[in-house]
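All values below come from the heavy atoms of this structure, side chains included, with hydrogens, waters and symmetry mates left out. Note on naming: letters A, B, ... go to the chains in the order of the sequence lines (proteins, then strands), and numbering restarts at 1 for each one.
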Amino acid sequence: MATGKEIRTKITSIKSTQKITKAMEMVAASKMRKAQERMAKSRPYADKIRAVIGHLAHAHPEYKHPYMMGREVSRVGVIIVSTDRGLCGGLNTNLFKVALQSMRKWQQSNIDMDLCTIGNKASLFFRRFGGNIVAQKSHLGDSPSLENLIGIVRVMLDNYDEKKIDQLYVVFNRFVNTMTQQPIIQQLLPIVADQPDERLAHHWDYLYEPNSQEVLDALLMRYIESLVYQSVVENLACEQASRMVAMKNASENAGDLIQELQLAYNKARQAAITQELSEIVGGAAAV
Amino acid sequence: MAMTIHVDIVSAEAQIFSGLAEMVIAPAEKGEVGILPRHAPLLTTLRAGDIRVKINAQEEEIFYVSGGMLEVQPHKVTVLSDTALRAHDLDEEAALEAKQRAEQLLQNRQAAFDYAKAQAELAEAIAQLRAIEKLRKIKR
């Protein structure tokens, strides 16, 4: 049986760990609120641009943009959005699992993959296991800006333009609520339009300025960027939520451990006192 | 009452304006455009400049955009404003940087993806997580 002193040092060490996890929990909680706000703020843009793309799908432009047209698939691009830091439960693990499932399917049908990783964890994971990473970005911080994502999106779009890839996907965690984050894979290219709007069913087209090709290029590029940005922001909210829950569990577990150890400590102390007493009594009787 | 048109001005990182207006004047690629209700559908890129939203005869709001897109439907104007300065060279530069980072990362990589290893590791991690969940449930 452990002696009193050993148990006491164990208790102090667990207590200091608990302090850290509690602090991390609170930090994550406040960061999560901010991330959720950011998510809400970026939503109008995503909604609006999606609406415009939806309109565009029903217009009858003389120029069909390659982003709107599917083609035979022999190679796909995948953007994987992960976190920079760990200690956030199974968030990244679950995400990689979803990515891996799709990748396996592609591999079985002889489709090659180009990967693009956002966040440290994905970079490390896919470096360890191989895979053709063509672009990488990490350390976006707590307030990612669209500006930082332009580069990697550009790499993937260039590859699509040069027909190096025929489809583009993004894998990220969808924020359902604080307790639930769902890893999903979403197709970016070719663009899948929303449900047709009946009011736009008649034959019509936009006026384009300066010309349809340039305008569509600019618009569709922004659309893809906004989708990637949205997924990064959402993944960030997921990270903080997941970390908050993980740290909450850790603090609770530490509390339980401390309780158990305290009990053991008290028992050990009592045993020691009883033993001492009986020794004294025994000693006195012998005299 | 004068005819109005719904105006939304958004950027990727925030909503800037949403409401009814009598007229919108925007700096389109080929010169300023003034948009009144029932304008024909129009899609154009924007230069850097001011967007003037005339809410009524007296009130007018002015927003600066560094560039972006303008979509006009007969009853709706949508301005998708850029948050970043965009130029072809700048975009190329950013793309190059992202590629270089990837190359740096992959200096000693294997070419083919090692599924077996990756899946084994993931399975283990997930099993661990599940075990932790179970432990917690038992304790309760």
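A:Leu149 does not touch chain B: none of its heavy atoms, backbone or side chain, sits under 4.5 Å away. Contacts between B:Gln15 and chain A at a heavy-atom distance below 4.5 Å involve backbone atoms as well as side-chain atoms. Of the atoms belonging to A:Met113, it is side-chain heavy atoms, and not backbone ones, that fall under 4.5 Å from chain B. For B:Ser18, no part lies under 4.5 angstrom from a heavy atom of chain A. Proximity to chain B (any heavy atom under 4.5 Å) is shown, for A:Arg38, by neither the backbone nor the side chain. If you measure heavy-atom distances from A:Asn148 to chain B, you find no contacts under 4.5 Å at all. Within the 4.5 angstrom heavy-atom criterion, atoms from both the backbone and the side chain of B:Thr45 approach chain A.
Here A:Thr93 contributes atom OG1 and B:Glu124 contributes atom CD; the two are 11.0 Å apart, rounded to the nearest 0.5 Å. Here CG of A:Leu220 is found 8.5 Å from CE of B:Met69. Values are rounded to the nearest 0.5 Å. Annotation: the span from A:Ile152 atom CD1 to B:Glu97 atom CD amounts to 10.5 Å, rounded to 0.5 Å.
The shortest non-hydrogen separation linking B:Glu13 to A:Pro144 is OE2-O, 4.5 Å. Across A:Gly151 and B:Ala98, no two heavy atoms sit closer than the pair C-CB, 4.1 Å. Of all heavy-atom pairs spanning A:Glu209 and B:Thr44, the tightest one is O-OG1, 3.0 Å. Closest heavy-atom contact between A:Leu56 and B:Leu43: CD1-CD2, 3.8 Å.
Chain A forms the most heavy-atom pairs under 4.5 Å with one residue out of B:Val33, B:Leu129, B:Val72, and that residue is B:Leu129. Residue with the most contacts toward chain B among A:Cys116, A:Ala40, A:Ser138, A:Ala46: A:Ser138 (heavy-atom pairs, distance under 4.5 Å). Among A:Phe96, A:Tyr206, A:Tyr229, the residue making the largest number of heavy-atom pairs under 4.5 Å with chain B is A:Tyr206. Contact count against chain B (heavy-atom pairs under 4.5 Å) is highest for A:Val155 among A:Val155, A:Asp205, A:Asn211. Each of A:Ser212, A:Pro210, A:Ala218 has some count of heavy-atom pairs under 4.5 Å with chain B, and the biggest count is that of A:Pro210. Comparing A:Ser143, A:Ser145, A:Ser226, A:Gly89 by heavy-atom pairs within less than 4.5 Å of chain B, the highest count is held by A:Ser145. For the set A:Lys137, A:Lys48, A:Lys97, the count of heavy-atom pairs under 4.5 angstrom toward chain B peaks at A:Lys48.
A heavy-atom distance below 4.5 Å is found between the side chains of A:Arg222 and B:Asp82. Annotation: side chain of B:Gln73 is in contact with side chain of A:His55 (closest heavy-atom distance under 4.5 Å). Taking 4.5 Å as the limit, every side-chain heavy atom of A:Ile49 sits out of range of all side-chain heavy atoms of B:Val10. Residues B:Leu42 and A:Tyr208 are not in side-chain contact: their nearest non-hydrogen atoms beyond the backbone lie 4.5 Å or more apart.
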Walk me through whether A:Asn94 and B:Leu122 qualify under side chain to side chain contact (heavy atoms under 4.5 Å, CB included). CA-CA 8 Å; A:Asn94 290 332; B:Leu122 277 182; over 6 Å; no
